[in-house]
Amino acid sequence: MLAQEVSRGVQSLLKHYSNLVIIDVETTGLDPETCNAIEIAALLVRTHREGGIRVIKCLDTLVKLPVEKKMPKEIVKLTGITAKVLKDRGVAQQEAATALAHVMHTESALFVGYNVHFDLLFIKELLKKEGHALPKGLVMLDVLEVFRDRRGYPCKLGDAISAYDLVGKVQNAHRAAGDAVACLEVLRAMGRERDDLDIYVKTFGGGFERSDGQHQSG
């Protein structure tokens, strides 16, 4: 992907974190302990020597379901991901977890997503099942939280895309890679609107991460 303009707010984040990792997960339901991640995307973003930011790596993978699990009809309707698609194109959970663990341990990374805590809970569960773990002190920024503070409700990803005039450029496709790209574009638009994104950075599991890297409870 070509280098893109870095807005003030995103530039401020990249003063404290060398990498932004934009994540999105499609799942079979809402409970990470009983449901499964079926598609995972992670975009590794950093500043470019020519200026701006660039996506330098993209993880985009479908994940097979355990043999005893079935695809819920409502999820098939929402995402278009069928049991056959997962069987034919998905990777085993162990393979997905190994690739994901490498991404999650990216040095000096801030993990960004739309309702990112939800995605991280599913990632945590997948990694745990396959003998991996999230890095300690993982820091995250929830773009949904920023949008809700600035614009209120409704606050789905599609609402944010419309609010920032991104319709036609990105779409809320309910597919992991597409939604990760949409989240990045919303983040860039938010950074142009106001340079306060750093106040939304939190540690996964509780508390806030101050922009100087020190932890504070909240």
Side-chain angles (χ1 to χ4, degrees), residues 1 4 6-7 9-10 12-14 17 19-32 35 37-45 53 55 57-61 63 74-75 78-81 100 103-104 106 109-126 134 138-194 196-205 208-209:
M1 183 180 290
Q4 297 178 306
V6 56
S7 57
V10 174
S12 294
L13 292 175
L14 286 165
Y17 305 96
N19 301 286
L20 303 182
V21 181
I22 318 296
I23 59 174
D24 190 86
V25 180
E26 300 300 327
T27 72
T28 58
L30 300 178
D31 185 347
C35 300
I38 53 173
E39 188 176 40
I40 300 169
L43 309 178
L44 179 59
V45 178
I53 58 172
V55 176
K57 187 180 295 185
C58 176
L59 171 68
D60 179 17
T61 186
V63 186
E74 63 272 18
I75 301 301
L78 181 69
T79 65
I81 301 172
L100 191 55
V103 172
M104 299 307 292
T106 299
L110 173 64
F111 293 86
V112 179
Y114 206 86
N115 196 11
V116 68
H117 190 264
F118 174 85
D119 295 325
L120 287 170
L121 287 173
F122 273 88
I123 289 172
K124 178 183 177 181
E125 193 66 24
L126 174 61
L134 290 175
L138 180 149
V139 286
M140 63 183 190
L141 188 155
D142 190 352
V143 178
L144 167 60
E145 183 182 0
V146 182
F147 183 74
R148 192 168 53 213
D149 277 0
R150 294 187 184 183
R151 305 296 178 95
Y153 295 88
C155 55
K156 293 182 179 180
L157 178 57
D159 300 310
I161 290 169
S162 297
Y164 287 100
D165 296 321
L166 296 171
V167 176
K169 184 174 184 179
V170 296
Q171 58 181 324
N172 182 201
H174 300 290
R175 293 297 299 266
D179 287 357
V181 170
C183 180
L184 175 58
E185 290 304 313
V186 171
L187 180 74
R188 292 176 64 233
M190 287 175 165
R192 289 190 292 270
E193 180 181 51
R194 194 180 309 159
D196 67 350
L197 295 174
D198 56 335
I199 71 173
Y200 291 91
V201 175
K202 299 179 180 179
T203 54
F204 178 65
F208 290 81
E209 181 78 9

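Note that the coordinates shown come from a computational prediction; the quantities given were computed from them, not determined experimentally. Note: hydrogens, waters and symmetry copies are ignored here, and every other heavy atom, side chains too, is used.
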Between [X] and [Y], which heavy-atom pair has the shortest distance, and what is it?
| X | Y | value |
| --- | --- | --- |
| P154 | F147 | O-CE2, 3.6 Å |
| T79 | H174 | CG2-O, 3.4 Å |
| F122 | G29 | CZ-O, 3.4 Å |
| V21 | A42 | CG1-CB, 4.1 Å |
| T106 | N19 | CG2-ND2, 3.6 Å |
| V45 | V55 | CG2-CG2, 3.9 Å |

Is there a donor-acceptor pair closer than 3.5 Å between any side-chain N or O of [X] and the backbone N or O of [Y]?
| X | Y | result |
| --- | --- | --- |
| D159 | K156 | yes |
| S7 | R188 | yes |
| E39 | E26 | no |
| D24 | A177 | no |

Report task. Give a yes or no on whether a salt bridge exists between D196 and R150, defined as a side-chain N under 4.0 angstrom from a carboxylate O. Result ->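 Answer for the salt bridge query: yes.
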Query raised in the report: Should I38 and I75 be marked as a side chain to side chain contact (heavy atoms under 4.5 Å, CB included) after you check the CA-CA gap, both sets of side-chain angles, and the distance that decides it?
Result: CA-CA 10 Å; I38 53 173; I75 301 301; 3.9 Å; yes
Between [atom1] on residue [X] and [atom2] on residue [Y], distance to nearest 0.5 Å:
| X | Y | atom1 | atom2 | result |
| --- | --- | --- | --- | --- |
| L187 | L184 | CG | CG | 6.5 Å |
| D119 | M140 | CG | CE | 10.5 Å |
| D198 | L13 | CG | CG | 6.5 Å |

My understanding is that only one of [options] makes a side-chain contact (heavy atoms from CB on, under 4.5 Å) with [X]; could you say which?
| X | options | result |
| --- | --- | --- |
| N115 | V143, L157, D142 | D142 |
| Y164 | E193, E185, R192 | E193 |
| I23 | L100, L120, V103, L43 | L120 |

Any side-chain heavy atom of [X] sitting closer than 4.5 Å to one from [Y]?
| X | Y | answer |
| --- | --- | --- |
| V186 | V170 | no |
| L138 | F111 | yes |
| R175 | I81 | yes |
| V146 | L141 | yes |
| L144 | C155 | yes |
| H117 | L121 | yes |

Query - CA sep, side-chain torsions, deciding dist, call: L20, V10, side chain to side chain contact (heavy atoms under 4.5 Å, CB included) - result: CA-CA 9 Å; L20 303 182; V10 174; 4.0 Å; yes
